[in-house]
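Quick notes on the structure that follows.
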Amino acid sequence: MSKENLIDKSSINTDDMILNMGPQHPSTHGVLRLKIHTDGEVVSKIEPIIGYLHRCFEKHSENLPYEQIVPFTDRCDYLSSMHMSHAYSIAVEKMMDIEIPERVEYIRVIVSELQRIASHAFFIGVFGLDVGAITPFTWVFRDRERIIDLFETLTGARLLYNYVWPGGVSHDLPEKFITRTIEFLDYFEPQLIEVDELLTTNKIFIERTADIGVLDKDIAINYGVTGPALRASGVDFDLRKNEPYSIYDKLDFDVPVGRGEMGTVGDSWDRYIVRFLEIKESIKIIRQCFKSIPEGDVHAALPKKVRPRKGSTYSRFESSRGELGYYIISDGKNVPTRLKMRSPAFSNLSVLPYLSEGWMISDVITILGSLDIVLGEIDR
Amino acid sequence: MSKKTLTDSISSINESIAYDEETNIFSLKEVGTWLDIATEIKNLNFNYLMCITSIDMENSQLALAYNLHSTETKDSIEFNLFFDKDTEIPSVESLWRTADWHEREAYDMMGIKFINHPDMKRILLPQDWEGYPLRKNYKVADYYHGMYIPKDKTSWE
């Protein structure tokens, strides 16, 4: 009898193995659970299970006056709180037709872009960590700490600022804030080159990220992927350029898009490099703002009572993760009837099952890391 | 495409589409034809579905707001559906994959059921949750799995 016939092959069970990753797992960036169906080491299907951080933000906001919702928005995306409250303030102002003083607009753009640098720096650190590079993590966290220190002098808080209010900002820039920020930018730009040399062209890093999780641009748009993840797929779509809010139409900056330098357009490496280049653009924007920031009273347009007109509005904002939308319905009272947050990471995560199919489990970590999700914002 | 031709071409898809010039919103009360209308809208280059918002209009009336954008022509439109709370809505998941999770969220939070959705189950809340929290008449349950849910939160602050 030959060797092959000793084993009855029909009795061997080849069912998929189901592997639970999370909710407590360092590579899921929060409390995300992934139900991974694997065939050996290859992923055949992924079911993301979310909702572990659901805090009823939308229900709470139906019982709160407009001005008291701001701290709640901060807590949704805790890595870019400034964007959350900035986007919310824009939405409320759109319903109230408030003219915002120019100084306030400049301050808002400065803090938003600083926040974008902090958020993208965080991404570079943890993405490196996901694929095994530990040094960049410690370096960018040291530098991100300086941005957080700047925000601490500005608002008194390190992560959840409650700084941008409908109609203005909570208070003016403190003394020496501008000189300190310029000092930081002068210090940070050379540091960025070091991180670049360490990570961007690192052989191991390229092997782990290039050609992994290629996202085609039509599929990206169909899934509602926005922000750096969409731009990495080669789509020139940035709300700061396409539908400029605040003073972005006066500022000169470029929108980096993925070009597939190390592999294919829309791979994980492209999603990394787009964010890296965006940091440089943000630095450019902040420097321009400091050159032309006017004097003025930041409280001039603060409304005594926030009572938007009857009706609904959908306002869009480019947060560090993508299109952040607020759909607000008002019936003329000081409490919103319905408030919906269109969170960018929610739609960005929904593409993960499509992207990871057919890749190894270790590549799922790369793909998930490259999407840069924040669970606080997905679950709301 | 100018705004006028755009509104005309959308309004001409179906007679039941109403257009409000002041708010710039299209609305539809006969939701049975929604999938056909959505297909026509998608053919007008609206390739990006930004957001689906579920709304409780009270008096057992619900609504859905679809915000659409075209990355090619840079137009944005809003489309509202109004219906009874027991009406099932055709899913547009086959046209825009974004709708998959957004419709699940609308079901989870507002109890709107969608026809032909591949995976109609709760997304943010546990599968055994009772009731739909974003409805205006939602009452917090007294117990969850035998655990008492405290209502008086004054001692928490």
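The sequence lines fix the lettering, A, B, ..., with proteins before strands; numbering per chain opens at 1.
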Point to revise | Engaged part of A/S350 at the chain B interface, taking heavy atoms whose separation is under 4.5 Å | key: both
Point to revise | Residue B/M110 versus chain A: region with a heavy atom under 4.5 Å | key: side chain
Exercise for review: Classify the angle between the aromatic ring planes of B/H117 and B/F114 as parallel (below 30°), tilted (30 to 60°) or perpendicular (above 60°).
Suggested key: tilted
Practice item. Check whether A/Y354 gets within reach of chain B through its side chain, its backbone, both or neither, counting any heavy atom under 4.5 Å. Key: neither
Review point. Do the ring planes of B/Y144 and B/W129 sit parallel (below 30°), tilted (30 to 60°) or perpendicular (above 60°)?
Key: tilted
Practice item. Check whether more than 12 heavy atoms from other residues, nucleotides or ligands sit under 6.0 Å from atom NZ of B/K85, and answer yes or no. Key: no
Check your understanding: Between the side chain of A/D267 and the main-chain N/O of A/D270, is any donor-acceptor distance below 3.5 Å?
Key -> yes
Practice item. Indicate yes or no: does A/D379 engage A/R55 in a salt bridge with an N to O separation below 4.0 Å. Key: no
Check your understanding: Checking A/L349 against chain B: side chain, backbone, both or neither under 4.5 Å from a heavy atom?
Key -> both
Review point. Taking A/G224, A/S312, A/C56 one by one, which has the highest count of heavy-atom pairs under 4.5 Å against chain B?
Key: A/G224
Check your understanding: Side chain, backbone, both or neither: which part of B/I25 has an atom under 4.5 Å from a heavy atom of chain A?
Key -> side chain
Review point. Using non-hydrogen atoms only, which part of A/N242 is less than 4.5 Å away from chain B: side chain, backbone, both, or neither?
Key: side chain
Check your understanding: Between B/N67 and chain A, which part of the residue has a heavy atom less than 4.5 Å away: side chain, backbone, both or neither?
Key -> side chain
**Study point:** Among B/W96, B/W34, B/F79, B/F46, ring-ring contact (aromatic ring centres under 6.0 Å, His included) partner for B/Y66
**Key:** B/W34
**Study point:** Carboxylate-amine/guanidinium proximity below 4.0 Å for A/D236 and A/R231
**Key:** no
Practice item. With a 4.5 angstrom heavy-atom cut-off, could you sort out which part of A/E58 is near chain B: side chain, backbone, both or neither? Key: both
Review point. Which bit of A/I50 is near chain B, if near means a heavy-atom gap under 4.5 Å: side chain, backbone, both or neither?
Key: both
Check your understanding: In terms of the angle between their ring planes, are A/Y88 and A/Y326 parallel, tilted or perpendicular, with boundaries placed at 30° and 60°?
Key -> perpendicular
Exercise for review: Take the angle between the ring planes of B/Y48 and A/F237 and call it parallel below 30°, perpendicular above 60°, tilted in between.
Suggested key: perpendicular
Check your understanding: Should B/E88 and B/K113 count as an ion pair when the cut-off is N to O under 4.0 Å?
Key -> no
Practice item. Please state whether the side chain, the backbone, both or neither of B/R104 comes within less than 4.5 Å of a heavy atom of chain A. Key: neither
Revision key, fill the gap. Turns out that what part of B/I123 lies under 4.5 Å from chain A's heavy atoms comes down to both
Review point. Where does B/S54 contact chain A at under 4.5 Å (heavy atoms): side chain, backbone, both or neither?
Key: both
Review point. What part of A/Y327 lies closer than 4.5 angstrom to a heavy atom of chain B: side chain, backbone, both or neither?
Key: side chain
Revision key, fill the gap. Looking only at B/I55, B/L49, B/D108, B/D100, the option with the highest number of non-hydrogen pairs under 4.5 Å against chain A is B/I55
Point to revise | Chi angles and distances behind the side-chain hydrogen bond (donor to acceptor under 3.5 Å, both in side chains) call for A/H37, A/S44 | key: CA-CA 6 Å; A/H37 299 242; A/S44 54; 5.5 Å; no
**Study point:** Best-contacting candidate, A/E62, A/R342, A/E243, against chain B by heavy atom pairs under 4.5 angstrom
**Key:** A/R342
Revision key, fill the gap. Residue from B/M109, B/H102, B/K74 scoring the most non-hydrogen pairs under 4.5 Å with chain A is B/H102
